[in-house]
Protein chains: 2
Amino acid sequence: MLQTAIEVEEAAVILKLMGDKTRLTMMKLIDHQACCVCEFVDIFKASQPSISQHIRKLRDVGLVKEERKGQWIFYSINKNHGYYPFVQQILDQVPSQDHKLKELDEKGTRIICC
Amino acid sequence: MLQTAIEVEEAAVILKLMGDKTRLTMMKLIDHQACCVCEFVDIFKASQPSISQHIRKLRDVGLVKEERKGQWIFYSINKNHGYYPFVQQILDQVPSQDHKLKELDEKGTRIICC
DNA sequence: TGTCTATATAAGTATATCATAATATAATTA
DNA sequence: TAATTATATTATGATATACTTATATAGACA
């Protein structure tokens, strides 16, 4: 959890990545729990490649980490990233999106794949 | 200075706008003082239309306000914007860019137009 | 009024972004 | 091993973005 000095250029890169409704919601969701791709596909009513590509962008700059469990890959925020404190302060101001996961629970689609 | 409930969609719009090195630096600069277009042109070594277009995007969502003084138009952060507290928390984490204005002072180009 | 300076807008172009469709990989299970 | 499921990657196309060049507007001042 190194606190890195924040540079304007890198802050802009991170803000741009977070400046997308899907990615911002994703990041808020996985700030407290891990989610797999199929859950995102369900939540966002998006195609699987679309979700994978959003994740890839976050992964490319190290903002998320992955953990494979069997055939599923779970993603969560990488709290060891130098800019995580910066990211966290932003996410803290964004309203919780956990109701989206609750809907999956109720539908039962969360249990199916995880 | 109404504190608006933050919505993911609108937060994403603002983060996207701030996710550009030029606009982020601009916003940091005018968080504490007003600047005119010609100063930005000088600071960013950019064309005048390019700067005007960046400002327009910020103005279109109400993040900056303008004040005409003679032939110059001075821009500053609109602290009455519902999302200003959100913006401010982000800007507070970005390092000061005032040295860029100091360079203008030293060159004398700041006085010329302002 | 004409000219100069500061700024805005419009048009055009190159590049970036985001989605889809098709295919590849990797683990699971019959 | 073959089929299934979850995910990643690639190619492609539509749209968005950010720059440039050219032009318009608006105030200052001779």
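Within every chain, numbering begins at 1; the chains are lettered A, B, ... in the order of the sequence lines, protein sequences first and strands thereafter. All values below come from the heavy atoms of this structure, side chains included, with hydrogens, waters and symmetry mates left out.
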Whole angstrom is fine here: how far is it from [atom1] in [X] over to [atom2] in [N]?
X	N	atom1	atom2	result
B:D60	C:dA8	CG	P	12 Å
B:E66	D:dT25	CD	P	17 Å
B:I55	C:dA6	CD1	P	14 Å
B:I73	C:dT9	CD1	P	9 Å
B:R56	D:dA24	CZ	P	17 Å
A:W72	D:dT4	CH2	P	17 Å
B:K45	D:dC19	NZ	P	15 Å
B:F44	C:dT7	CZ	P	14 Å

Please name all residues satisfying salt bridge (charged side-chain N to carboxylate O under 4.0 Å, His left out) with [X], sequence neighbours left out, ordered by chain then number.
X	value
A:R59	A:E66
A:E10	none
A:D60	A:R56

Please list, for nucleotides 20-27 of chain C, all pairs of protein and nucleotide N/O atoms separated by less than 3.5 Å.
residue: C:dT20; atom: OP2; partner: A:S47; partner atom: OG; Å: 3.0
residue: C:dT20; atom: O4; partner: A:Q53; partner atom: NE2; Å: 3.1

Any side-chain N or O of A:H54 under 4.0 Å from OP1/OP2 of C:dT17?
no

Within less than 4.0 Å of OP1 or OP2 of C:dT17, is there a side-chain N or O belonging to A:K57?
no

DNA chain D: A:R59 or A:K16, which has the more 5' nearest nucleotide?
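The residue whose closest nucleotide sits nearer the 5' end is A:R59.
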
So, B:Q89 versus A:D92: side-chain donor-acceptor pair below 3.5 Å or not?
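The criterion, which ignores hydrogens and geometry beyond distance, is not satisfied for A:D92 and B:Q89.
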
Donor-acceptor side-chain pairing of B:Y83 and B:N78 below 3.5 angstrom
no

Run the side-chain donor-acceptor check on residues 18-27 of chain B: report pairs under 3.5 Å with partners two or more places apart or on a different chain.
residue: B:D20; atom: OD1; partner: B:T22; partner atom: N; Å: 3.0
residue: B:D20; atom: OD1; partner: B:R23; partner atom: N; Å: 3.0
residue: B:K21; atom: NZ; partner: A:E9; partner atom: OE2; Å: 3.4
residue: B:R23; atom: NE; partner: B:L17; partner atom: O; Å: 2.7
residue: B:R23; atom: NH1; partner: B:H54; partner atom: ND1; Å: 3.1
residue: B:T25; atom: OG1; partner: B:K21; partner atom: O; Å: 2.7

Are there more than 12 heavy atoms of other residues, nucleotides or ligands under 6.0 Å from atom NZ of A:K65?
no

Using the rule given for side-chain contact (heavy atoms from CB on, under 4.5 Å), can you reason through A:I77 versus A:L63, listing the C-alpha separation, both sets of side-chain angles and the distance that settles it, and then say yes or no?
CA-CA 6 Å; A:I77 291 274; A:L63 283 178; 5.9 Å; no

Quick check on contacts: within residues 20-28 of chain B, what sits under 4.0 Å from DNA chain C by heavy-atom distance?
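The stretch gives none, as no residue of it lies under 4.0 Å from the strand.
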
Using a strict 4.0 Å threshold on nitrogen-to-oxygen distance, state whether B:K28 and B:D98 make a salt bridge.
no

